[in-house]
Amino acid sequence: MAADNSKKRLLLQGNEAIVYGALAAGCRFFAGYPITPATEISELLSVKLPQAGGTFIQMEDEIASMGAVIGASLAGVKAMTATSGPGFSLIQENLGYACITEVPCVIVNVMRGGPSTGLPTNVAQGDVLMARWGTHGDHPIIVLAVSSVSDCFSITVRAFNLSEKYRVPVIVLSDEIVAHTRECFTLPNVDEVRVVDRIGPNVPPEWYKPYAANNRGVPDMAAFGDGYRHHVTGLVHDERGFPTQQPHEIEPFLMRLHEKITKGFPEIMLSKSYLMADAEICVFAYGCVARSALMAVKNARAQGIKAGLLQLITLFPVPRKEIDAALRQCRVAIVPELNMGQMSREINRINQSGTRIVKYNRIDGQMIAPDEITKQIISVS
Amino acid sequence: MKNNSRYEIRFSGSGGQGIITAAVILADAVGTLDGKYVSQTQSYGPEARGGKSKAEVVISNEVIDYPKAMSIDLLLAMTQASCDAYFFEIKPDGLLVVDSSLVEQVPTSRAVAIPFTEIARKEIGRELVANMVALGAVGYLSGQVNLKNLERRLLTRVPKGTENMNRDALQAGIREAKKVDLKSLPRSFVNEWESEV
Amino acid sequence: MVVDAETIRQEYLRHDKKFPHVWCPGCGNGIVLGSLLRAIHNLQLPKDDVVVASGIGCSSRMTTYIDFNTLHTTHGRALTFATGVKLAKPQLRVIAVMGDGDATAIGGNHFIHAARRNINITAIIVNNSTYGMTGGQYSPTTPYGSKSTTSTYGHVEHAFSIAELAVTAGAAFVARGTVYHAAHLDTLLEQAISKRGFSVVEVISNCHVQHGRRNKLGDAVKMIASYQERAVPVKKAQSMTEKEMEGKFTIGVLCDVEKPISTEEYDRIRQESCHMV
């Protein structure tokens, strides 16, 4: 019925679409602290979560929010927090805890201008490398970037699915533009969304080893209160979860944390290519900048220039294969970013084919307009 | 590959005038009821009241890549400051719509001047709904939205109990805009400037 | 009802954990651990329903040794994790074990907010007046004038009274005990765990190795025995002057009030809001 279709078609902000994505993925716990430009996520979840039988809580800071998220996830409930730069700095401590204890959780960082309080209401992409390396120690992590309202829904679902499957925190990097842009989105039905849940133990409690390696590299996860009493610690631990300082236990454990992600590369590394088939000039972009880049590439094509776009959705682990292929194919690569060149550094690292890489950076709190990128394409064509 | 159906509207004024609300209602009607592609953005400062307020709606028959306005088809200016700040971003054959209750110096004769605030105060009894009077005029003058759909979305988005007042405001704006003869305006800002030179 | 030590050992300690524990001989942490286990035993809580969270420090290592759902978190954050567990699964009995630095320095903000929120969790704070694990630096409860590895000239700041802080912050139940008064501590912990609302038990304990040694307070026995003289029951303290209380502290129940519990209030919101979909 037409009336039903129009009912489900909603005009949503990126932040609101993240909420619907999280709920569709099964998120039933949110802890957060007010911060521009992520606040709408908290506000909408404070309405929606109790309706779905879930829990919303506003904690005293982002450190506490991240702690509560991990606690909820250990109790068996899919959990998320959302913040922006200053709060993202505070969550790093417990983010590392989630990495070493392999607790599934999703962290949304709506990027604004930095450093420090910076530009609270302006767009930036300055937290890219922080998302990868912000917490101390070698650790695995997955970082996904969104560029539209529909991304905000689908990538948030994907974030939960990857987090549950690989027992790793997943960071969704949004930005002020994507967060506050309203676009139409048709909410899918519950049965249209593929939802992945963590795998629980299939042995009796007395045989359960909470951190035992298996062929997936991802240990089965029991929830507190389900009869599988076990110990969870941020110290390096053995397969029973108890602290260890034995070199022969430390290295296999830490290696497994990395290898479980390596095993999942094909489904973790996401990118989209536009007009790349015969492209000689490739633009690499992510987040809101991918929107400008796509328009720029189309404009360049209209002028007879063979330009294409590789939009990076997964930023970390870096989609090395796709980037490498694009670099080998193209003469010149252009990397527009709202930072001083955080992803172009990664792309440079992959560049084995001597392809010329041109950075284009803007750090004045404004979005890069399509014409700016078109000019770059023309100047190298 | 240029997208010829792209139409860009900027609503501008000062914080507290309901600029963003008006833009959101228009975008909602165009996107969820008319079935076109739409993107709505805004820029804002830390203050909830006062300061410059700006909201944009981009409408297209195709997927919208860049979500913000680049060259404006229609600028609504609800204050002199916003009129002065954004007037130069209108494309040559674009249209300027001002609240003549608050904008005294209109920089072009290719402008529609309607006293939105005065209409709101005198006809509806609340200055607060000047934004909805303006929305009615913008909806009509842009020709980008089904006006029935605009009213439907207005009714779902305004606070309960204020529906009638807001609908009356919208209709007053549409009525005033219908009186305007767009053909009598200069066809382009450029022509106007050239003829002045 | 006195339960024998062997039953407690068999029933509640983890036998697959490689002992010995990390605590120094004579440390009060073992006494607190014993009291906690006896309290849980006496309350007949099923082990699967008990979650014990801890922060970082000597007393926080307690979670490693006991056979419940245990969560050894980051420094100062035990209550934040505990809050998440409790909200996600309200049927669980959640206890947080922390030290003085853990709960009132790095975790001070979490502590007062957990109390204000009145979430149904029990916080046990083992107060030994120092950071023992890192080698005896001054903590928020190190007495004025005391020596520590970071106040070698004598401490120039003043100490928190943790229990009084908890009362002011809004906890529903607050008590203070010592490792000298072990039987009394059993009772306080039982009361705290069965209290509906945020309950706090501050336990005055000894760190003769780091704090005692530097301040000439004697060995473990001497330090623990000193609590017999320094501890004054709450009722008795009411009729004592400030001067008489100098160098002493109160023990017993400081506060026991009924007020809405946020966990239960939120449950009501869940019930009501699901009709608004």
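Basis for what follows: all heavy atoms, side chains included, without hydrogens, waters or symmetry-related copies. Chain identifiers are assigned alphabetically (A, B, ...) following the order of the sequence lines, protein sequences preceding nucleic acid strands; residue numbering begins at 1 within each chain. Values in this document were obtained by computation on a predicted structure and should not be read as measured data.
Counting heavy-atom pairs closer than 4.5 Å to chain A, the top residue among C/T63, C/I269, C/D49 is C/T63. Taking chain C as the reference chain and counting heavy-atom pairs below 4.5 Å, the highest number among A/G54, A/P243, A/G67 is found for A/G67. Options A/G71, A/G96, A/G234, A/A222 differ in how many heavy-atom pairs under 4.5 Å they form with chain C, and the most are formed by A/G71. Your options are A/L49, A/L74, A/L235, and the one with the most heavy-atom pairs under 4.5 Å with chain C is A/L235. Put simply, of C/T83, C/L92, C/N109, the one with the most heavy-atom pairs under 4.5 Å next to chain A is C/N109. The candidate from C/Q271, C/R117, C/Q91 with the greatest count of non-hydrogen atom pairs under 4.5 Å with chain A is C/R117.
Around atom NE2 of C/H15, more than 12 heavy atoms belonging to other residues, nucleotides or ligands sit under 6.0 Å away. Environment of CD in A/E206: crowded, with over 12 heavy atoms of neighbouring residues, nucleotides or ligands closer than 6.0 Å. Counting non-hydrogen atoms of neighbouring residues, nucleotides and ligands closer than 6.0 angstrom, the CZ atom of C/R268 exceeds 12 such neighbours. In this structure, A/F185 places its CZ atom where more than 12 heavy-atom neighbours from other residues, nucleotides or ligands lie under 6.0 Å away. Within a 6.0 Å sphere centred on CD of C/E11, other residues, nucleotides and ligands contribute more than 12 heavy atoms.
Atom OG1 of C/T80 is separated from atom CD of A/E62 by 12.5 Å, given to the nearest 0.5 angstrom. Between A/Q51 atom CD and C/C274 atom SG the span is 8.5 Å, to the nearest 0.5 Å. C/T73 OG1 to A/I70 CD1: the interatomic distance, rounded to the nearest 0.5 Å, is 9.0 Å. Here A/R229 contributes atom CZ and C/I66 contributes atom CD1; the two are 11.5 Å apart, rounded to the nearest 0.5 Å. One distance of note links CZ of A/R28 with CG of C/L87; it measures 15.5 Å at 0.5 Å rounding.
Using the six-membered ring where Trp is involved, C/H72 and A/H231 have ring planes that are parallel, under 30° apart on the 30 and 60° scheme.
For C/R116, no part lies under 4.5 angstrom from a heavy atom of chain A. With a 4.5 angstrom heavy-atom cutoff, A/V232 touches chain C via backbone and side-chain atoms both. C/K47 touches chain A through backbone and side chain together, each having a heavy atom under 4.5 Å away. Proximity to chain A involves both the backbone and the side chain of C/D16, based on heavy atoms less than 4.5 angstrom apart. Heavy atoms of A/A64 lying under 4.5 Å from chain C belong to its backbone as well as its side chain. Both the backbone and the side chain of A/F224 come within contact range of chain C, with heavy atoms under 4.5 Å apart.
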Open item on the list: For a side-chain contact (heavy atoms from CB on, under 4.5 Å) check, start with the C-alpha distance between C/H113 and A/D61, then their side-chain angles and the critical distance, and finish with the verdict.
Closed with: CA-CA 10 Å; C/H113 283 278; A/D61 57 31; over 6 Å; no
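Donor-acceptor pairing under 3.5 Å is recorded for the side chains of C/R270 and A/T55.
Remark: side-chain polar atoms of A/Y228 are not paired, donor with acceptor, to backbone N or O of C/N69 under 3.5 angstrom.
If you look at A/F56 and C/Y266, their ring centroids are not closer than 6.0 Å.
Under the 4.5 Å side-chain criterion, counting only non-hydrogen atoms from C-beta, C/K89 is not in contact with A/V77. You'll find the side chain of A/R240 stays beyond 4.5 Å of the side chain of C/R14, heavy atoms only. With a 4.5 Å cut-off on side-chain heavy atoms, A/M66 and C/R77 do not count as touching.
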